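Working notes, beginning with the structure itself.
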Amino acid sequence: FLGQKTREDDPKSSVVSLSSEYRGLVKHTGGCHCGAVRFEVWASADLHVFNCNCSICTKKQNRHFIVPASRFKLLKGADNLTTYTFNTHRAQHTFCKTCGVQSFYTPRSNPDGYGIAPHCLDDGTVQTIITEDINGKEWEKAVKEHKTIRDMSKP
């Protein structure tokens with residue numbers, strides 16, 4: 001599994017430890033409504049969630065937190081996903097073909113990571129959610145002025 005390694009000081013050891021990239025993070029699991037799509041994601045128990053007011057996020061009520069691609073693993077349902085794109089076609093709005101729920105997607109701001117819908121996570125691993133409004137109606141300006149959004153998909 002990505003992010004895990006056996007202890008290097010004892011080649012016979014079966015003890016598995018998390019790499020430094022995962023320290024301080026918890027494994028969240030989640031998926032769509034019908035269960036056809038399931039994933040796991042390593043992130044803080046305290047989530048920094050974006051509330052974007054761009055045209056699609058407004059209509060879908062898309063609130064999401066961003067993680068590096070290396071911290072996301074699709075467990076099942078790749079064949080049950082479909083993708084919608086528009087405008088620049090950089091954002092990949094993936095959703096379940098059966099129930100229509102978008103539990104994660106590839107955001108335009110961070111094409112090297114994933115935007116995860118916190119409301120699609122299973123109960124028990126989230127401690128707090130801090131929501132930050134982002135002005136997606138003026139996307140280029142908002143992302144250029146934001147001090148940390150582009151770094152959120154970096155390990």
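Fair warning: this is a prediction, and the values are worked out from it, not measured in the lab. Residues take their numbers from the sequence shown, with the count starting at 1.
- Counting only residues at least two apart or on different chains, the salt bridge (Lys or Arg N to Asp or Glu O under 4.0 Å) pairs with a member in residues 113-138 are R38-D122.
- Both V41 and V126 belong to a single network of hydrophobic side chains, linked directly or stepwise wherever heavy atoms of I, L, V, M, F, W or Y lie under 4.5 Å apart.
- The distance from the OG atom of S55 to the CG atom of N53 is 9.5 Å, given to the nearest 0.5 Å.
- Within the structure, salt bridge (Lys or Arg N to Asp or Glu O under 4.0 Å) contacts touching residues 41-64 (residues at least two apart or in different chains) do not occur.
- Counting only heavy atoms from C-beta outward, the side chains of V37 and T94 never approach each other to under 4.5 Å.
- Closest approach of A36 and C96 over heavy atoms only: CB-SG, 4.2 Å.
- Atom CD of Q102 sits about 11.0 Å away from atom CD of Q92, to the nearest 0.5 Å.
- Sorted by first then second residue, the ring-ring contact (aromatic ring centres under 6.0 Å, His included) pairs that include residues 95-115, not counting sequence neighbours, are F39-F104, H64-Y105, F72-F104, F72-Y114, H93-Y105, F104-Y114.
- Evaluation of the ring-ring contact (aromatic ring centres under 6.0 Å, His included) test over residues 120-155, restricted to residues two or more places apart or in two chains, returns F50-H146.
- With sequence neighbours excluded, no residue forms a ring pair (Phe, Tyr, Trp, His ring centres under 6.0 Å) with H28.
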Let me have the donor-acceptor pairs involving side chains of residues 74-87, under 3.5 Å, with sequence neighbours excluded, atom names and distances please.
from, atom 1, to, atom 2, distance (Å)
K76, NZ, G35, O, 3.3
N80, ND2, T98, OG1, 3.0
T85, OG1, H89, ND1, 2.7

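- Residues meeting the side-chain contact (heavy atoms from CB on, under 4.5 Å) test with P118, sequence neighbours left out: L47, V49, F65, I129.
- Atom CZ of R90 sits about 9.5 Å away from atom CG of N110, to the nearest 0.5 Å.
- Under the salt bridge (charged side-chain N to carboxylate O under 4.0 Å, His left out) criterion, K154 pairs with D112, sequence neighbours left out.
- Annotation: salt bridge (charged side-chain N to carboxylate O under 4.0 Å, His left out) contacts of R108 (sequence neighbours excluded): E140.
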